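Below is one structure; the comments refer to it alone.
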Amino acid sequence: MTRKLGMRGNQHLGLCTYGLYAYDSVWLLARALAAFFKQGGNISFSKDPRLKGNGGRLRLDSMSVFDGGNLLREMIFKTEMTGVTGPFRFTSDRDLYRPAFEVINMVGTGFRRVGYWSNYSGLSVVPPESLYSKPPNISSSNQRLHRMIWPGQETDTPRGWVFPNNGRQLRVGVPKRVSFQEFVGQVAGDDGDDMFRGYCIEVFTSAVYLLPYSVPYKFLSFGDGLKNPDDTDIVHVITEGVYDAVVGDIAITTNRTKMADFTQPYIESGLVVVVPVKELSSSAWAFLRPFTPPMWAITGIFFLVVGAVVWILEHRMNTDFRGPPRKQFITILWFSFSTLFFAHKESTVSTLGRIVLIVWLFVVLIINSSYTASLTSNLTVQQLSSPVKGIESLLASNDPIGYQLGSFTHNYLIQELGIRASRLVPLNLPEDFVDALRKGPRNGGVMAVVDERAYMEVFLSTHCEFSIVGQEFQKNGWGFAFRRDSPLAADLSTAILKLSESGELQKIHDKWLMRSACTSENTKLEVDRLELKSFSGLFSICGTASFLALMVYFALLACQYKRHYYSNSDQSSGGGGGGGTGGSRSGRMRTFLSFVDEKEESVKSRSVKRKEMEDSRGSSIGGGDASSMNGSY
Ligand code: GLY
């Protein structure tokens, strides 16, 4: 009573009724027959006319019909017994009570048992009857079978259908790199096959494994093994029908997407500039390094200007800002530079002077803090310097530039950045990079190397004398290339995203590319000095405040002078003496300047005296109200 269930065609898994051995079968039939005869059952056979063939001839497959069959079947279903394998009966639905099956794995013409199935415990590797004493547990974690052997002696579970490729393996071209083999490197394969390893290969195999179907593929190497092959050429081979796909460190560029379909990028890798860097030695003039020369110059000029502005605003009413010209000059210098340390001793009494000073002290505060921070960083962190600051420096010069042979960089530098082809030097191995950079442009080497960040990070991890300068100036990523309209490109993109989301992509990256030999927290490229443009806003505010204060001051002064001048003129014309202003232009200028230089208090007291005189003369001459000139400005 063994039956196979399930799979058609290649039968590799089957179920056999378990426990109902021949002995039990005979014993069951005997018990059922006994009950059958007890019930008056009779065994006789008749010919079923339906079994007759045309012409009255018996069909070969004709069979006898057992007349009491229905009763015997009833008896069998009612039979309950304990066989060699334990209790045996049928349920009211005529199903076996606790049916159990062996799960067998068909291997070639034989088979092997890989476990059991029962409706009590589900799949198990132990016989079901040993589980009947325990509570049923059909949770998925409890469902186990021994390892299955699949066609081709594979123990990995096949994933349904196979990617249709006219019955042949996918031909995958792989660049035969001679450098940076962490990404793609050929290894000796069995029976002459091309075998590869590296970051790109592992990403590919991991992504293929995630596909919901199997993709049989074989790697075919591309390149002579002496120099890195041109990655655009290998993508082009797809269009010739030689490869179905290309796997490797292939950057996704516009030109290449016209020839093949690419997956999502599995690594980002823009172009960077790598140069030799020197350690900056500390010098006696290191304290000047935080600011650029224009910044130093404008800061110095502002100190003097603000000193002069405050002097003008304070001169007429503050004795600290009066005295002989020499003393006043020294006061301006001393006052302005002592604000650097907020240590000025001279008090400011005018409102306008105080406004200008407070704005200036705020500017000084910011300049001070920025200088301190920058100087601390300069003196405590090891500084590396290079005359090349980024791609802009290279574009502005005529020096040779190195690039990696076979990379799209060559075309990019010529076509997109307009660099002359004669300036570009092809470099094959990392040793060539080192050699060319060390020699420098004057000795037949290169000024800088332009290459993708992914390679350069690996390169720099073991060559600390070089560094990336400036920003990544071109962004791209690497992907796998497939023939146009291949469904694999989209499916592998999904698989790559799954790898990325699960963190597997990062693990593969760290396994192959994680290097940290030169990384030092206390090393950095020369910091940019603080430039004037960073402080232009502050200087503008201070300049505007000073300018407006002077405008207001001179406007008020002019009004005051006008009143003073006309009242003196009136006095002169009335024969009262006093002001002696003179009528010429130069005379009026002298009068104005002496008025400006005069202490405000004197002007006021003279006005008061004049008013008293006028009052005593009892004559009303009209004129300025001295009180309007009171108050500081
Ligand atoms: N990664 C080099 C290239 O794609 O050209």
Side-chain angles (χ1 to χ4, degrees), residues 172-186 196-204 219-239 243 245-274 391 401-417 419 421 424-430 432-433 448-461 468 472-482 489 492-493 496 505 508-509 512-513:
V172 180
V174 184
K176 191 171 179 175
R177 289 195 62 87
V178 292
S179 63
F180 299 111
Q181 296 196 345
E182 297 86 344
F183 295 102
V184 187
Q186 189 165 22
F196 288 87
R197 61 198 286 279
Y199 171 73
C200 306
I201 300 296
E202 190 165 338
V203 173
F204 176 73
F219 289 137
L220 302 168
S221 69
F222 179 87
D224 58 11
L226 300 173
K227 57 183 180 0
N228 292 323
D230 189 316
D231 284 344
T232 303
D233 287 350
I234 188 172
V235 176
H236 188 257
V237 174
I238 294 182
T239 63
Y243 298 147
V246 168
V247 166
D249 50 336
I250 312 294
I252 305 170
T253 63
T254 316
N255 187 21
R256 292 173 188 173
T257 52
K258 290 177 189 157
M259 303 181 215
D261 282 354
F262 278 83
T263 61
Q264 290 275 335
Y266 56 89
I267 186 172
E268 283 193 3
S269 182
L271 291 179
V272 291
V273 176
V274 171
I391 188 66
I401 302 170
Y403 70 93
Q404 193 182 159
L405 194 64
S407 165
F408 76 96
T409 316
H410 178 259
N411 285 351
Y412 182 85
L413 292 177
I414 294 173
Q415 288 163 8
E416 303 296 329
L417 301 187
I419 293 176
L424 300 179
V425 179
L427 303 169
N428 198 23
L429 302 171
D432 302 337
F433 286 46
V449 165
V450 173
D451 204 351
E452 289 177 86
R453 180 180 281 279
Y455 302 118
M456 288 302 97
E457 280 177 355
V458 172
F459 173 71
L460 294 176
S461 65
I468 293 173
E472 197 171 272
F473 61 92
Q474 189 263 4
K475 301 252 177 228
N476 68 20
W478 295 354
F480 304 126
F482 289 88
L492 270 184
S493 291
I496 288 170
L505 199 57
I508 299 173
H509 176 275
W512 290 98
L513 307 176

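In listed order, ligands and their atoms are each counted from 1. This is a predicted model, so every value here is computed, not measured. This chain uses plain numbering: 1 for the first residue, then up along the sequence.
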Tell me, which protein residue and heavy-atom name are nearest atom 3 (C) of ligand 1, and how many Å apart are they?
Asp231 OD2, 3.1 Å
Which of the atoms in ligand 1, numbered in the order shown and given with their element, are less than 4.0 Å from a heavy-atom of Asp249?
1 (N), 2 (C), 3 (C), 4 (O)
Classify the side-chain pair Asn476/Thr253 by whether it contains a donor and acceptor separated by less than 3.5 Å.
no
Atom indices of ligand 1 within 4.0 angstrom of Glu452 heavy atoms, with elements
1 (N), 2 (C), 3 (C)
Ser493 side-chain N/O to Gln264 backbone N/O, donor-acceptor pair under 3.5 Å:
yes
Enumerate the atoms of ligand 1 whose separation from the nearest heavy atom of Tyr455 is less than 4.0 angstrom.
1 (N), 2 (C)
Below 3.5 Å, N or O to N or O, backbone or side chain included: is there any such pair between Ile250 and ligand 1?
no
Within-shell test, Arg256 vs ligand 1, heavy atom, strictly < 4.0 Å
yes
Side-chain touch Gln404/Phe459, heavy atoms, less than 4.5 angstrom
no
So that I know where these two stand, are Tyr266 and Phe204 an aromatic pair - ring centroids less than 6.0 Å apart?
no
Can you tell me which residue among Tyr455, Phe180, Tyr199 is in a side-chain contact (heavy atoms from CB on, under 4.5 Å) with Asp249?
Tyr455
